[in-house]
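Computed from a prediction, not measured in an experiment: that's the story for all the values here. Letters A, B, ... mirror the listed sequences (proteins, then strands); counts begin at 1.
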Amino acid sequence: MEVIAVAPWIYIEDLKKHIGEEVTLKGWLYNMRSSKKIRFLEVRDGTGIVQCVMGAGDVPAGVFESTGGISRESSIIVTGIVKEDARSKIGVEIGLTGLELVAKAQPYPIAKKSHGPAFLLDHRHLWIRSRKQVALLRIRHEVIRTLRGYFDKRGYVCFDPPIFTANACEGTSTLFQTDYFGKTAYLSQSGQLYGEAGALALGRIYTFGPTFRAEKSKTRRHLTEFWMMEPEIAYLDIEGVMELVEDMLVELVAVILDKRAEELKVLERDTSLLEKVRKPFPRVHYKDAAAKLTKMNDRFKVPFEDGDDFGAEHETELTKSYEKPIFVHRFPAEIKAFYMKRDKDDPQASLSVDCLAPEGYGEIVGGGEREDDLDALLKRLGEHSLPKEAFDWYIDLRKYGSVPHSGFGLGLERTISWIAGIHHLREAIPFPRTIERLTP
RNA sequence: UCCGCAGUAGCUCAAUCGGUAGAGCGGGUGGCUGUUAACCACUAGGUCGGGGGUUCGAGUCCCUCCUGCGGAGCCA
């Protein structure tokens, strides 16, 4: 076909800066509607979708006719005049002057009408081209950029922990096991212990990377591979953690509302609920939360008892009475990891805190103050029957200039799901890994 | 590991009391100058998840296995 690529190549997101000009777009055919003498081509280029109008007489001889045979998702390069048009969803459309077919696509598996989740996940590599998935992945990018920026601006150092580890970090979750030159290695379930070493070296750090859990969880809130951001700060206490998490989430939500408004609209997110994410977030003592839940036991399938960890239904019920994220702090030490510091005013309680997102999205942040006393830490390791040798380096941190320190872990996909208002975590990551899914 | 739901055309689903397997989308062919999940006509497309059983007759009832989904536990 004819190539008339003299006009400058631009992206669809920048079209409004070029009204009245002839431009070139390089992308793919998202959809086409045709009649005898006019065709409407929806062209996408990764930054947006624009409708291109081709009248039979607008393009060189033969181009109009051959365009009719172009299948969805064929790659094309088009030239045309950018025009303002009130009928367009994005305010502009293109009057085509030329079209070059780069590669014709075979019949595209993803239909314009609905598909089931299994089919879509089997075609995830193509599904990510769809409008909503593009919006979600752009929000994911903005969340990552904003969170990193939040800590970078405040002098935190990005500190990358190893992914291969020799031992179970917390001794709780089931880990993925792999052969490491004849030794057994595990895939990291958290970078936190390494983050503590980093905080004592650099003052305040954050880790950001993938983590792995071999739990056989089959729910929309679980992946076997997910991303966590884990800040760790020397000389910070539990109150400081809550202030930090609160400030971080308020900034994050504000930035996404501002910079990714278009994407939230594509996802039909009710942003009025996000507008309410302002300081302060309610701080609920575990004891008060437990008392509240015990009174509501008639509505639970699994009754709640003081001292229990929250189940999903308890968590949801607890957050229902608030419009913004809440903190629940000072969980019983017994149900928390060995490294949690005890509350000196209540030795049964740990200086731990979870942040629960509203609308039933559940725990997005968990953290607290770490045990910094050598003897207490050794005692905890014993109580949890963890092998002391494997933690020698971690114990060292208490021998050489131990300080009170705190940190938290933020689950990236859960945070994205909440902000974007999506039903299932698996759409918040390009290629989700679940118990039954290793491909694509 | 436990509980629940589902599996019918490439995809999404329907099929009454057990009685000749259908529709929409997608594909193909043709029509249409403002469509926007475009529309209209025609057309091709089926081992009803596998195995066994009941019955004159099974997509439908029974048993069993497989696969997927949702939830619980655990967690972010």
Side-chain angles (χ1 to χ4, degrees), chain A residues 30-43 49-58 64 68-69 71-73 83 85-90 93 95 105-123 126-127 130-131 169-170 172-175 189-192 210-230 300-302 308-316 335-337 354-357 361-367 408-418 423-426 428-429 434-437:
Chain A
Y30 194 70
N31 194 15
M32 175 161 60
R33 294 172 285 276
S34 297
S35 54
K36 191 175 187 181
K37 291 186 176 169
I38 190 167
R39 301 194 196 282
F40 301 93
L41 289 79
E42 284 187 287
V43 175
I49 297 175
V50 67
Q51 172 163 286
C52 302
V53 185
M54 180 191 279
D58 298 342
F64 184 85
S71 46
R72 292 176 62 228
E73 285 301 324
K83 296 170 181 171
D85 195 306
R87 290 168 293 189
S88 162
K89 282 172 188 165
I90 60 167
E93 62 178 32
Q106 293 181 25
Y108 193 59
I110 298 186
K112 284 181 268 183
K113 291 205 175 178
S114 61
H115 289 285
F119 180 85
L120 289 171
L121 285 166
D122 284 342
H123 295 82
L126 301 176
W127 186 22
S130 302
R131 204 188 296 260
C169 157
E170 302 178 20
T172 50
S173 300
T174 318
L175 301 186
Q189 60 163 335
S190 164
Q192 185 209 307
T211 51
F212 308 88
R213 306 273 166 98
E215 299 287 347
K216 294 196 173 182
S217 302
K218 290 170 68 174
T219 84
R220 68 191 135 122
R221 295 185 309 279
H222 291 87
L223 298 170
T224 55
E225 177 183 294
F226 65 98
W227 287 63
M228 274 211 291
M229 181 166 273
E230 297 177 287
F300 298 138
K301 284 181 197 156
V302 182
D308 287 354
D309 206 351
F310 303 142
E313 56 175 348
H314 309 133
E315 217 166 73
T316 303
I335 57 171
K336 285 289 176 182
D354 283 0
C355 182
L356 308 180
Y361 282 94
E363 185 184 348
I364 53 172
V365 167
F408 64 88
L410 171 137
L412 183 69
E413 288 77 15
R414 283 192 184 176
T415 304
I416 293 166
S417 296
W418 162 53
H423 179 69
H424 203 301
L425 213 57
R426 66 192 163 201
I429 186 168
T434 57
I435 176 170
E436 297 289 353
R437 188 169 292 279

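Contact annotation: K37(A) does not reach the phosphate of rU33(B) (side-chain N/O to OP1 or OP2, under 4.0 Å). A sub-4.0 Å separation between OP1 or OP2 of rG70(B) and a side-chain N or O of R426(A) is present. Side-chain N/O atoms of R221(A) include one lying less than 4.0 angstrom from OP1 or OP2 on rA72(B). Under 4.0 angstrom from either OP1 or OP2 of rG70(B) there lies at least one side-chain N or O belonging to H424(A).
Judged by Watson-Crick or G-U wobble contacts below 3.5 Å, the nucleotide rA9(B) has no partner. Nucleotide rA41(B) has rU29(B) as its partner under the Watson-Crick or G-U criteria, with both atom distances under 3.5 Å. Pairing partner, rA72(B): rU1(B), with both Watson-Crick or wobble hydrogen-bond distances short of 3.5 Å. Here rC48(B) sits opposite no nucleotide as a Watson-Crick or G-U wobble pair (both hydrogen-bonding atom distances under 3.5 Å). rG34(B) is unpaired under the Watson-Crick or G-U wobble criterion, no partner having all donor-acceptor distances under 3.5 Å. In a base pair of the Watson-Crick type (N1 to N3 plus N6-O4 or O6-N4) or a G-U wobble (N1-O2 and O6-N3), with each distance short of 3.5 Å, rG19(B) is matched with rC56(B).
Taking atom P on both nucleotides, rC74(B) is separated from rC66(B) by 27 Å, rounded to a whole Å. On the P atoms, rU60(B) is 11 Å away from rG19(B), given to the nearest whole Å. Only the P atoms considered, rA58(B) is 16 Å distant from rC62(B), to the nearest whole Å. rU33(B) and rU8(B) are spaced 41 Å apart, taking the P atom of each and rounding to whole Å. Atom name P, nucleotides rG52(B) and rU16(B): the rounded distance is 25 Å, in whole Å. For rC61(B) and rG18(B), the P atoms lie 8 Å apart once the distance is rounded to whole Å. The same atom, C1', is picked in rG4(B) and in rG59(B); the two are 23 Å apart, to the nearest Å. Rounded to the nearest Å, the gap between the P atom of rG45(B) and that of rG22(B) is 14 Å.
With respect to the salt-bridge test (charged N to carboxylate O, under 4.0 angstrom), the residues R437(A) and D122(A) qualify. A salt bridge is defined here as a Lys NZ or Arg NE, NH1 or NH2 lying under 4.0 Å from an Asp or Glu carboxylate O, and R87(A) with D85(A) meets this definition.
Summary of the strand contacts: E413(A) and H423(A) both lie near RNA chain B, and taking for each the nucleotide with the nearest heavy atom, the more 5' one is attributed to H423(A). Nucleotides of RNA chain B nearest to Y108(A) and K36(A) differ in position, and the one nearer the 5' end is that of Y108(A).
Of the candidates rC75(B), rG34(B), rG73(B), the closest approach to any side-chain atom of T219(A) belongs to rG73(B). Among the nucleotides rU35(B), rC32(B), rA76(B), the one closest to the side chain of S35(A) is rC32(B). The side chain of A312(A) lies closest to rG73(B) when the candidates are rG68(B), rG34(B), rG73(B). For R437(A), the side-chain atoms get nearest to rG68(B) when compared with the rest of rA37(B), rG68(B), rG70(B). Side-chain proximity of H115(A) to the nucleotides rA72(B), rU12(B), rA37(B) is greatest for rU12(B). Nearest to the side-chain atoms of F40(A) among the listed nucleotides rA76(B), rG34(B), rA72(B) stands rG34(B). When each of rC69(B), rA76(B), rG34(B) is scored by its nearest atom to the side-chain atoms of Q51(A), the top-ranked nucleotide is rG34(B).
Between T415(A) and L410(A) the shortest side-chain heavy-atom distance falls below 4.5 Å. You'll find the side chain of H123(A) reaches within 4.5 Å of the side chain of F119(A), heavy atoms only. At least one side-chain heavy atom of N31(A) sits less than 4.5 Å from a side-chain heavy atom of R72(A). Here the side chains of C52(A) and R39(A) are not in contact, with every heavy-atom distance at 4.5 Å or above.
Looking at T434(A), its side chain never comes within 3.5 Å of a backbone N or O of L223(A) through a donor-acceptor pair. The backbone N or O of L175(A) lies less than 3.5 Å from no partner atom in the side chain of R213(A), so there is not a single donor-acceptor pair. The closest donor-acceptor contact from the side chain of E225(A) to the backbone of F212(A) lies at 3.5 Å or more, if one exists at all.
In terms of polar N and O atoms assigned as donor or acceptor, the side chain of R414(A) comes within less than 3.5 Å of the base of rC75(B) in a complementary pairing. Below the 3.5 angstrom threshold, one finds a donor paired with an acceptor across the side chain of E93(A) and the base of rG34(B).
Note on L412(A): nothing from the nucleic acid sits closer than 4.0 angstrom, heavy atoms only. No engagement by R39(A) is indicated, since no non-hydrogen atom pair under 4.0 Å with the nucleic acid exists. Counting any heavy atom pair closer than 4.0 Å across all strands shown, T211(A) reaches no nucleic acid atom. When heavy atoms are screened at a 4.0 angstrom cut-off, G362(A) is found touching no nucleic acid atom at all. Among the atoms of the strands shown, none is found under 4.0 Å from any heavy atom of D354(A).
Taking atom NE2 of H314(A) as the reference point, atom P of rA72(B) lies 11 Å away to the nearest angstrom. Atom CZ of F119(A) is separated from atom P of rG10(B) by 11 Å (rounded to the nearest Å). The distance between atom CZ of R220(A) and atom P of rC5(B), rounded to the nearest whole Å, is 19 Å. Rounded to whole angstrom, the span from the CD1 atom of I49(A) across to the C1' atom of rA37(B) amounts to 12 Å. When the P atom of rG27(B) is taken as reference, atom CD1 of I110(A) falls 14 Å away, rounded to whole Å. Atom P of nucleotide rU33(B) and atom CZ of R33(A) are separated by 17 Å, given to the nearest angstrom. For the pair I435(A) CD1 and rC74(B) C1', the interatomic distance rounds to 12 Å; values are reported in whole Å. In this entry the distance linking CG of L356(A) with C1' of rC75(B) reads 13 Å, nearest Å.
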